[in-house]
Every structure is written in structure tokens, then in C-alpha cells.
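Take a look at the structure set out below.
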Amino acid sequence: MDHFALQSGVMHAEDVALPRIAEDVGTPVYVYSRATLERHARVFREALDGVPNKLIAFAVKANPNLAVLKVLQRQGYGADVVSVGEMRRALAAGIEPAKIVFSGVGKTAAELEAALKAGIGQFNIESEEEGIELAEIAARMGCLAQCALRINPDVDAGTHDKISTGKADNKFGVPIDEAGQIFGKLAGQPSVNLRGVAVHIGSQLGDLAPLERAFEKLGNLVTALRGAGHTITHVDLGGGLGVPYKQGETLPSPAEYGAMVARVTKDWDVSLIFEPGRVIAGNAGVLLTRVVRVKRGINDPFVIVDAAMNDLARPALYGAYHDFAAVEPGGDRMTANIVGPICETGDTFAMGRDCDRLVTGDLAVFRTAGAYGATMASSYNSRGFVAEVLVDGDKFAVVADRIDAGEIMDAERVPDWLE
Ligand SMILES: *Cc1c(COP(=O)(O)O)cnc(C)c1O
């Protein structure tokens with residue numbers, strides 16, 4: 001459920017009419033709903049009521065906007081970060097260092113050092129090499145790094161290849177059959193408290209079975225590690241729960257996920273960490289756009305909107321589906337190709353889509369754009385970065401300024417020797 005709905009024929013975000021935002025801030029613009037973010041945060045947390053000890057760490061990469069992070073911080077959420085840039089955002093939003101988990105295969109020495117200095121709660125180590133490097137840096141700094149070893153469980157998440165992370169040939173984690181040996185090596189490092197294991201098999205999962213298989217494998221590993229004399233107090237189950245992108249699509253609910261987790265982990269006797277991203281933020285945002293013009297096509301007309309693949313990359317990257325709807329639907333429908341202005345055929349949001357009839361100047365939204373939307377933007381075609389707005393009841397605020405192409409150009413220069 002979200003808070004983007006028609007009121008008197010005009011789409012609102014909570015109680016703010018979207019045309020008001022378009023007028024004030026311009027288009028394209030991302031619009032987030034605080035009530036929706038809070039609702040999703042609460043539903044996910046309540047779904048895990050059956051799990052006694054836990055930390056829910058929002059996957060910052062899904063939506064790193066400071067105001068969004070602040071909303072989640074106020075809900076008691078921690079943060080799963082994959083760069084020092086994301087760590088700084090989490091800290092700036094007031095998230096306690098102890099609630100920050102640092103994931104990712106390519107943490108640099110400088111990043112490891114900065115995160116140790118900040119005193120973050122857990123490093124999810126993705127290789128033996130990274131563990132050794134972290135141990136050396138921590139020893140030099142005289143601190144103890146709290147760590148979990150990320151395991152690659154070799155399960156097929158059944159999602160898009162580009163967002164699958166738990167197959168043996170993916171770059172993430174250490175192979176599950178080498179985990180015992182690598183764990184033993186790293187646990188012997190005095191500057192590291194290797195206290196657990198972590199897994200994250202992919203994103204937009206439409207089926208709980210692969211998650212359950214991964215968690216079961218992890219449970220067996222925990223038993224084996226304890227058998228080898230290791231103390232395991234923390235297990236990180238990652239994120240990955242999918243969200244409906246199409247009207248009427250059904251996916252496993254947070255409640256079903258929570259029940260499965262409680263059942264599979266009931267004898268583990270650990271603190272669990274969760275890293276949800278999309279399920280919290282996905283349906284809490286839309287990309288508001290204006291129709292530049294409608295162009296005749298050989299078959300269907302092209303509805304050319306002022307948003308493009310640089311603003312919302314998912315359709316171009318993964319062939320992802322985003323629901324597309326008029327802000328003031330008149331009741332008529334059309335079949336159209338929805339495209340942006342960028343000079344690439346990949347800049348296509350949908351082909352042959354049945355949608356509200358639209359004409360030049362109309363406003364429309366791409367739904368479910370709150371996760372992996374603004375955060376994946378680029379300035380391709382010198383289009384700048386779109387603004388972001390957070391709505392709360394009948395008020396709204398710009399929570400990220402539009403960065404126009406001129407500001408980006410200001411950071412460039414022509415060297416003297418070319419003048
Ligand atoms: C991307 C990512 C997540 C979040 O995934 P969602 O599908 O958005 O829930 C969690 N953990 C890690 C390590 C990730 O890379």
C-alpha cells in the first residue's frame with residue numbers, strides 16, 4: 001500500500017496534488033511519501049516480531065537521500081552501506097555508528113580506515129584478502145573490528161541476472177565450501193572479532209524458496225563453525241524481498257518472509273541483521289514527469305516525456321517495468337511507446353503500453369521509483385540531476401536540489417595548454 005492516489009481526479013502524494021509540486025519545483029522530479037516510508041518500515045519491523053534480537057539496517061544504496069534516511073532513523077533503523085559516501089550519509093542522518101553495517105567487495109584501505117575510525121557496528125568481509133587487510137589496518141590503529149564473513153551460498157535467486165548475487169560465479173562473498181577454512185584463518189587475527197556470517201543472494205526476489213535455501217545453508221554453516229570452536233553471535237540475512245511493480249502483482253509479503261525467517265532461525269541463538277532496501281523505499285516514491293510531445297509512430301505513437309534513462313535507469317538497465325499513469329486521467333486510454341529524450345534507443349520506458357491518454361504538457365508518473373531511482377541517476381546527455389521532494393501530509397519540501405547541466409560543467413576546465 002502506498003499514498004499515491006487520485007483525489008477529485010488528480011493524483012496526490014498524501015494530501016499534496018502533484019501538479020503543485022510540478023509547478024513549484026519543475027519536472028522531472030522524484031516525489032517520496034513519508035507516510036509510505038514509515039508504513040513500510042513499520043510493517044517490515046512488525047513482520048519480524050517473532051525474531052527476538054535483531055537490527056534492521058536499511059540498504060542505503062536503494063535510496064540514499066538524507067531526508068529519507070532521517071525518516072528511517074526515526075523508525076529505529078540502522079544502515080547497510082557499501083561505500084564511505086553512504087556511511088557519511090547514514091551518520092549525517094543521525095544513525096548511530098553501532099547500527100551501521102559495511103558491505104561490498106571493493107572496500108578500499110581508506111574506506112576501511114574511515115569506517116574503523118567512525119566505529120561502525122559490523123564489517124561484512126567479502127574475501128580472505130579483505131579480512132587480512134582489515135585486520136592489518138585495525139591492528140595499526142589499535143582497534144578491534146567487528147566482523148561477519150559474507151558467504152556465497154550458491155543458490156539461484158531466480159531474479160534478473162544483473163541483481164543476482166548468490167550464485168557461485170558471482171563476485172560476492174566466499175564460496176560456502178571454503179567458508180570454514182577462511183573463517184578459521186580470519187578468526188585468528190587478534191584485531192578482528194569475527195562474530196558471524198552474512199548472506200545476500202539478490203534483489204527483487206519474487207519467491208521465498210531461494211532465500212530459505214540460503215538461510216538453511218547458513219544455519220548448517222553456523223553449526224559447523226560452532227563445532228569447530230568458533231563463537232557465532234550474529235547472522236546477517238541481507239535484503240532482497242521484492243515489491244509489486246505491476247498493479248495486481250502479488251509477491252511474498254513481509255509477514256510471510258518474517259514467518260519463514262522465524263521458523264528457519266529459531267534455534268540459531270544469534271542476533272539477526274536484516275538489510276531491506278527496495279521493500280522499504282520502492283513504492284514510497286514516484287518519478288513525476290511532463291509529456292514533451294506525442295509523436296506519430298509507424299504502429300503506436302511515441303509519448304516523449306521529459307524524464308529519461310539518466311533519471312530512472314532501471315528500464316534501460318534491466319528491462320524493468322514501471323507502471324505509468326496520468327496525473328489527471330481523463331478516462332480515455334491509448335497504446336503508446338513511452339520514451340525519454342536521450343539519443344539512445346535504450347531510453348525507452350515501455351513499448352506498446354496500454355496507458356491513460358496523454359497529450360503535450362500533461363503530467364504523468366512512473367510508479368515504484370523510490371528505490372534504485374534517483375540514486376542510479378547520471379548526467380548523460382548533459383541533463384543534470386533531477387530534484388527530489390518529500391511529502392508529509394499536506395506539506396512538502398525539496399530534499400535534493402536540481403543540479404543543472406551548468407553546475408556540472410562548472411566543475412570542468414580546459415587546461416592552459418589547450419587554450
Ligand atoms: C543491495 C543490497 C541490499 C538491499 O537489497 P534490496 O533488494 O533492495 O532489499 C542488501 N544488502 C546488500 C549487501 C546489498 O548489496
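As the structure lists them, so they are numbered: ligands from 1, and atoms in each ligand from 1.
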Item to check | Member of T165, D236, L237 meeting the side chain to side chain contact (heavy atoms under 4.5 Å, CB included) criterion with H200 | outcome: T165
Next on the checklist: One residue to check: P276. Relative to ligand 1, which of side chain, backbone, both or neither has a non-hydrogen atom less than 4.0 Å away?
Outcome noted: backbone
Item to check | Residue and atom name of the nearest protein heavy atom (relative to atom 13 (C) of ligand 1), distance in Å to one decimal | outcome: E275 OE1, 3.4 Å
Item to check | Pair Y245-Y321, ring pair (Phe, Tyr, Trp, His ring centres under 6.0 Å): steps then yes or no | outcome: CA-CA 7 Å; Y245 279 87; Y321 180 102; 8.2 Å; no
Checklist outcome for this item: For R278, the ligand 1 atoms with a heavy-atom partner under 4.0 Å come out as 6 (P), 8 (O), 9 (O)
Next on the checklist: Below the 3.5 angstrom mark, is there an N/O of V279, backbone or side chain, next to an N/O of ligand 1?
Outcome noted: no
Item to check | Contact partition for H200 relative to ligand 1, non-hydrogen atoms under 4.0 Å | outcome: side chain
Next on the checklist: For atom 7 (O) of ligand 1, what is the closest protein heavy atom, and at what distance to 0.1 Å?
Outcome noted: S203 OG, 2.3 Å
Checklist entry - When you look at CD of E23, are more than 12 heavy atoms from neighbouring residues, nucleotides or ligands closer to it than 6.0 Å? => result no
Checklist entry - Where is the nearest protein heavy atom to atom 15 (O) of ligand 1: which residue, which atom, and how far? => result K61 NZ, 2.7 Å
Checklist entry - Where does E126 meet ligand 1, judged by heavy-atom distances below 4.0 Å: at the side chain, the backbone, both, or neither? => result neither
Next on the checklist: Please determine whether any non-hydrogen atom of D80 lies less than 4.0 Å from an atom of ligand 1.
Outcome noted: yes
Checklist entry - When only distance counts, is G240 in polar contact with ligand 1, meaning an N/O pair under 3.5 Å? => result yes
Next on the checklist: What protein heavy atom lies closest to atom 8 (O) of ligand 1? Include the residue and the distance to one decimal.
Outcome noted: Y372 OH, 2.6 Å
